[in-house]
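These notes are about the structure you will find just below.
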Amino acid sequence: MKPQIKWALAAAAVLLVGFFSLQQTGALWRSEASAPGGTVTAGTLEISAGQSGVKSFNLDGLTLTDADAGQSVQKPLPVINSGNVTMRYKLNSVAVNGSAPLMLRVAKVADQAACTATGTPGTELYNGAANTAFTAPQNVSAGTTEVLCLKVTIADNAQTAQSSNATFTFGAESVSNS
């Protein structure tokens with residue numbers, strides 16, 4: 001093969017690679033989704049649990065040790081909107097790891113003291129199997145706190161020597177003030 005043809009093929013290969021690279025990069029910047037028209041409002045959205053600024057919250061007190069079927073524990077979970085826009089949050093899911101079946105009750109209460117160790121206080125948002133738990137969206141105004149009361153019960157069909165732990169996943173978004 002003549003040297004000019006080799007250089008031409010090499011240049012074509014480099015241009016071809018460059019073209020595909022540019023096409024891939026361009027696709028990263030192009031939006032394919034469309035959304036209905038609306039107003040975009042700037043603001044700070046911050047959701048936290050337990051205390052201001054905490055994004056991951058350990059529910060240390062929500063534990064049962066050497067418990068029997070039917071026993072439960074109940075603890076408050078403050079949901080804090082420390083931002084400057086109204087937010088909407090919800091319990092998306094609960095992942096239960098282990099063999100002990102767990103039941104969950106989620107209720108909105110007036111304050112942490114209202115989430116007593118026993119009983120069924122507050123406005124119920126969910127009551128059923130923990131591994132299928134979710135709640136409808138709840139609005140929290142900017143600069144305010146809402147308290148959830150979480151009650152975990154060992155299901156009646158639990159067997160001896162079973163155990164489980166649960167991970168709660170919440171989602172949040174800003175709410176238009178229109």
Side-chain angles (χ1 to χ4, degrees), residues 28 32-33 35-36 43-177:
L28 292 174
E32 297 294 330
T44 303
L45 173 66
E46 294 179 355
I47 181 173
S48 56
Q51 57 184 326
S52 182
V54 176
K55 304 298 185 253
S56 177
F57 185 69
N58 187 348
L59 293 167
D60 287 334
L62 198 64
T63 59
L64 287 168
T65 305
D66 295 328
D68 293 322
Q71 287 186 302
S72 62
V73 62
Q74 189 161 269
K75 296 292 177 185
L77 175 65
V79 178
I80 303 161
N81 182 352
S82 53
N84 62 8
V85 295
T86 299
M87 74 166 184
R88 178 179 297 132
Y89 78 94
K90 66 179 183 165
L91 173 62
N92 285 333
S93 64
V94 178
V96 178
N97 297 312
S99 55
L102 302 176
M103 303 300 290
L104 175 66
R105 180 179 188 270
V106 179
K108 191 183 326 182
V109 293
D111 54 33
Q112 291 188 52
C115 185
T116 56
T118 60
T120 54
T123 304
E124 191 171 277
L125 302 176
Y126 177 83
N127 192 358
N131 62 342
T132 61
F134 68 93
T135 62
Q138 304 296 310
N139 286 355
V140 180
S141 298
T144 63
T145 298
E146 185 168 280
V147 179
L148 297 179
C149 189
L150 305 177
K151 180 179 185 177
V152 177
T153 304
I154 299 173
D156 290 335
N157 62 338
Q159 303 298 312
T160 304
Q162 289 183 314
S163 66
S164 289
N165 62 44
T167 303
F168 295 77
T169 303
F170 290 85
E173 63 185 2
S174 64
V175 176
S176 172
N177 290 328

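Position 1 is the first residue of the sequence; numbering continues from there.
- With values rounded to the nearest 0.5 angstrom, L104 atom CG is found 8.5 Å from T153 atom OG1.
- Listed here is the closest heavy atom pair of Q74 and A117: CB-O, 3.9 Å.
- Exactly one of V96, N165, L64 qualifies for a side chain to side chain contact (heavy atoms under 4.5 Å, CB included) with L102. That residue is V96.
- A donor-acceptor pair under 3.5 Å links the side-chain atoms of S164 to the main chain of A100, judged by distance alone.
- The CG atom of D66 sits 11.0 Å away from the OG atom of S163 when rounded to the nearest 0.5 Å.
- Of the possible donor and acceptor atoms, none in the side chain of E124 sits under 3.5 Å from a partner among the backbone N and O of G122.
- One distance of note links CG of N84 with OG of S141; it measures 12.5 Å at 0.5 Å rounding.
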| said: L91 vs L125, test: side-chain contact (heavy atoms from CB on, under 4.5 Å). Steps then yes/no. | reply: CA-CA 10 Å; L91 173 62; L125 302 176; over 6 Å; no

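- Within the structure, salt bridge (Lys or Arg N to Asp or Glu O under 4.0 Å) pairs that include any residue of residues 136-158 comprise K108-E146 (at least two apart or interchain).
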| field | Check against side-chain contact (heavy atoms from CB on, under 4.5 Å), F170 and L77 | value | CA-CA 12 Å; F170 290 85; L77 175 65; 3.8 Å; yes

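- Between M87 atom CE and T144 atom OG1 the span is 7.5 Å, to the nearest 0.5 Å.
- Heavy-atom minimum distance, A155 versus A69: O-CB, 3.4 Å.
- Listed here is the closest heavy atom pair of A136 and K90: O-CB, 3.9 Å.
- Contact record, P121 with A107: O-CB, 3.3 Å, taken as the closest heavy-atom pair.
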| Pair K75-L150, side-chain contact (heavy atoms from CB on, under 4.5 Å): steps then yes or no | CA-CA 5 Å; K75 296 292 177 185; L150 305 177; 5.7 Å; no

| request: Please step through side-chain contact (heavy atoms from CB on, under 4.5 Å) for the pair Q138 and V79, ending with a clear verdict. | output: CA-CA 11 Å; Q138 304 296 310; V79 178; over 6 Å; no

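- A distance of 11.0 Å separates CG in L148 from CD in Q112, rounded to the nearest 0.5 Å.
- D68 CG to T160 OG1: the interatomic distance, rounded to the nearest 0.5 Å, is 7.5 Å.
- The minimum heavy-atom distance linking G83 with A142 is given by the pair O-CB, 3.6 Å.
- Checking side-chain atoms of E173 against main-chain N and O of R88 turns up no donor-acceptor pair under 3.5 Å.
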